[in-house]
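Notes to accompany the following structure.
If you're wondering where the values come from, they're calculated on a predicted model, not measured in any experiment. Note on naming: letters A, B, ... go to the chains in the order of the sequence lines (proteins, then strands), and numbering restarts at 1 for each one.
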Protein chains: 2
Amino acid sequence: MPARAATLTDVAKEAGVSLATASRALNGSERVVRAELHARTLEAAARLGYTPNAQAQSMARGSTDLVGLLVNDISDPYFSTIAAGLANAAEQHGLLVMLCSTGGRPERELELLAALRRQRGRAIVLAGSRTNDRAHLRELAAQVEPFTESGGRVAAISEPRLPVDTVVVDNRRGAHDLAVELAALGYRRPAVLTGPERLLVSRDRRDGFTAGWRKSADGEPFFLAEEFTRDGGFRAMQRLLDEHPEVDCAFAINDLMALGAMAACRERGVDVPGDLAVAGFDDISTLRDVTPGLTTVRLPLTEMGGMALDLVLNEADGKPRRRKVRGEVVVRESTPRR
Amino acid sequence: MPARAATLTDVAKEAGVSLATASRALNGSERVVRAELHARTLEAAARLGYTPNAQAQSMARGSTDLVGLLVNDISDPYFSTIAAGLANAAEQHGLLVMLCSTGGRPERELELLAALRRQRGRAIVLAGSRTNDRAHLRELAAQVEPFTESGGRVAAISEPRLPVDTVVVDNRRGAHDLAVELAALGYRRPAVLTGPERLLVSRDRRDGFTAGWRKSADGEPFFLAEEFTRDGGFRAMQRLLDEHPEVDCAFAINDLMALGAMAACRERGVDVPGDLAVAGFDDISTLRDVTPGLTTVRLPLTEMGGMALDLVLNEADGKPRRRKVRGEVVVRESTPRR
DNA sequence: CTGAAAGCGCTAACAC
DNA sequence: GTGTTAGCGCTTTCAG
């Protein structure tokens with residue numbers, strides 16, 4: 001029982017064949033090996049508990065079966081759903097996914113991107129960075145460029161400012177459509193619970209909503225910025241109720257914030273939707289059963305993961321491609337007709 | 001602009017130093033390199049956009065910075081929370097997490113475990129397999145053994161039948177305590193919505209509940225098995241309402257099933273908790289805001305990820321260790337006093 | 001302190 | 001068909 005894992009050399013020796021033959025029998029492409037030797041090698045491998053060393057293989061072959069995925073926060077259902085979609089698609093291609101979670105910290109994102117580069121994965125998908133910080137974007141690009149330059153493939157999800165293939169979510173449009181819908185339902189005094197100003201998604205959804213609102217009703221939506229989380233939504237709603245009790249509907253720029261907002265209403269004894277209507281964005285599946293049913297903009301998160309992998313696997317010859325994804329307004333009980 | 005990534009040799013040449021010096025300057029442990037050469041090397045590396053090849057490094061060094069994590073389904077908040085906890089802990093140690101999602105398919109689990117072995121990660125954490133299938137368990141052990149034998153470390157979460165360090169969730173105890181609590185609250189006719197029989201978690205929670213119930217009240221809980229998902233909970237509740245309208249409380253063996261169960265009640269016009277009380281298990285954070293608040297058994301999911309990493313990183317000399325995790329009953333509005 | 005050279009485990013020409 | 005051998009990119013003795 002060696003403290004060291006069995007190598008192909010061990011197997012070859014054990015089977016009484018050459019290194020090359022063992023390689024061909026175990027990991028080689030075509031079965032150019034005589035049945036008998038083949039069998040002998042397999043047996044030896046089994047006896048020794050041999051597993052190929054992927055590192056050595058990819059060094060020798062010059063390519064990996066790894067694809068890296070960088071997300072903001074894997075415990076956030078938005079990202080874990082995307083990750084599941086990507087993992088699923090990766091399986092179809094016999095690829096392994098290295099998942100990294102940045103926790104929303106830009107420096108960490110850079111570190112992890114570097115780590116992913118080091119792994120020499122076949123491709124990297126970025127689903128984390130959605131900030132507006134120019135300096136950070138530049139550093140990101142500085143990491144991405146040499147990687148793509150040397151044959152690595154990179155795609156982004158929802159980060160349209162990077163010069164790589166991107167799955168672009170039409171956040172403005174989705175929020176716009178939602179605003180139009182809310183106006184049509186009879187609401188007149190809207191508020192938008194947004195995330196931090198530096199986040200593009202947040203701004204796009206807010207601006208899209210505003211645009212849609214202006215088009216279909218009078219008055220301006222009122223804005224309130226907090227963290228991009230359940231707790232942020234909770235606080236934002238508390239402030240809203242304190243400062244602007246006249247509002248009749250609140251659009252939280254994602255479902256998690258909407259969830260927090262509804263919780264705040266409950267705590268204050270504000271009835272949703274009786275006293276105040278609430279809507280979200282994303283259509284997180286776990287949240288489809290909350291009561292009242294949350295009106296939201298559905299994003300095909302699982303598919304987005306697959307699309308990103310698809311982009312990254314199918315070489316483009318030219319400039320960065322964009323695959324647009326549209327959100328679909330789903331009206332539920334949280335925003336009844338007024 | 002070479003189609004190939006810059007190598008250390010390229011850097012050494014560019015800097016006019018030897019390979020060894022370049023290695024020491026860039027990735028070496030101690031700074032035994034003269035300041036001038038050091039600087040020259042760094043500059044050359046920057047100029048060339050050099051990134052070390054982790055594969056080559058770990059081959060040469062004989063060790064990786066990777067730890068593998070195998071989960072049932074990354075889009076399930078139970079697992080994504082554990083994953084987040086593990087990733088976080090891994091970051092502290094400068095380790096990268098390779099995340100694999102099996103989708104609950106045993107064959108796939110075996111494949112992925114093999115893939116993880118091939119990557120020669122420093123350690124592997126298994127959070128997927130919780131089945132009772134002897135054959136599968138044996139195959140799993142067959143993969144695990146040669147890995148540990150050759151210095152690899154393996155830990156499991158909630159799979160107490162594998163001969164490795166394990167974070168054991170006391171499912172029986174948690175469910176037991178919940179049953180006692182429900183009985184104390186005045187419920188008299190309980191049902192348990194379970195998952196498939198082959199899943200250990202499901203059986204343990206069911207049996208624990210039964211034990212707790214017998215201890216504190218008369219009569220036997222009624223069982224109903226469906227899938228271990230939101231939809232499974234939905235169907236189970238439909239059947240329950242059809243077949244056993246006399247039941248006054250339903251324990252779904254996880255929060256997701258409970259969520260589905262509550263949705264089914266809503267659809268049928270059954271008031272929760274007025275007509276029927278519902279409880280779950282896990283205390284998924286995203287679900288803490290559902291209405292009525294779901295009574296459940298809280299599990300420290302994030303910490304569990306950290307504990308697993310801890311086990312796997314801190315060598316044990318002896319036999320498999322167990323770290324017990326207890327669930328804590330959290331009573332909310334879905335099970336008021338009767 | 002620096003350089004030359006021997007591997008790490010495997011694949012892929014290239015011979016036989 | 002099968003074996004020999006030269007690398008893949010890097011770290012690490014071992015000499016200078």
- B:Ser18 vs A:Ser23, nearer the 5' end of DNA chain C by closest nucleotide: B:Ser18
Looking only at side-chain atoms of [X], point me to the closest of [options].
X	options	answer
A:Ala56	D:dG9, D:dT11, C:dC10	C:dC10
A:Arg61	D:dG9, C:dT2, C:dT11	C:dT11
A:Thr21	D:dG9, D:dT2, C:dG9	D:dT2
A:Ala60	D:dT2, D:dT11, C:dT11	C:dT11
A:Met59	D:dT2, C:dT11, D:dC8	D:dC8
A:Val33	D:dT2, C:dC10, C:dG3	D:dT2

- Message: Here's a test for you: under side-chain hydrogen bond (donor to acceptor under 3.5 Å, both in side chains), which of A:Gln55, A:Arg118, A:Gln119 qualifies with B:Ser58?
- Response: A:Gln55
- Item | Axis-to-axis angle between the two ends of the helix from C:dC1-D:dG16 to C:dC16-D:dG1 (five base pairs per end, rounded to 10 degrees) | 40°
Report the distance from atom [atom1] of [X] to atom [atom2] of [N], rounded to the nearest whole Å.
X	N	atom1	atom2	answer
A:Gln55	D:dT11	CD	C1'	14 Å
B:Leu26	D:dT11	CG	P	9 Å
B:Asn53	D:dC8	CG	P	12 Å
B:Leu19	C:dG3	CG	P	10 Å
B:Lys13	C:dT2	NZ	P	20 Å
B:Leu8	C:dG3	CG	C1'	13 Å

Would you list the protein and nucleotides 13-16 of chain C atom pairs, both N or O, that sit under 3.5 Å from each other?
none

- Query: With B:Leu116, which of B:Leu126, B:Leu69, B:Val154, B:Ile124 fulfils side-chain contact (heavy atoms from CB on, under 4.5 Å)?
  - Reply: B:Ile124
- Take B:Leu110 and B:Leu140 through the side chain to side chain contact (heavy atoms under 4.5 Å, CB included) test and state the conclusion after the steps. CA-CA 7 Å; B:Leu110 251 14; B:Leu140 223 47; 3.3 Å; yes
- Take B:Glu107 and B:His136 through the test side chain to side chain donor-acceptor pair (under 3.5 Å) and record every step on the way to the result. CA-CA 8 Å; B:Glu107 347 75 63; B:His136 179 238; over 6 Å; no
- Side-chain heavy-atom pair A:Val144, A:Leu113 within 4.5 angstrom cut-off: yes
- Message: Using the rule given for salt bridge (Lys or Arg N to Asp or Glu O under 4.0 Å), can you reason through B:Asp310 versus B:Arg323, listing the C-alpha separation, both sets of side-chain angles and the distance that settles it, and then say yes or no?
- Response: CA-CA 10 Å; B:Asp310 195 65; B:Arg323 287 249 202 291; 3.6 Å; yes
- Could you list by number each residue of residues 114-124 of chain B showing a heavy-atom separation from DNA chain C of less than 4.0 Å, or answer none if no residue does? none
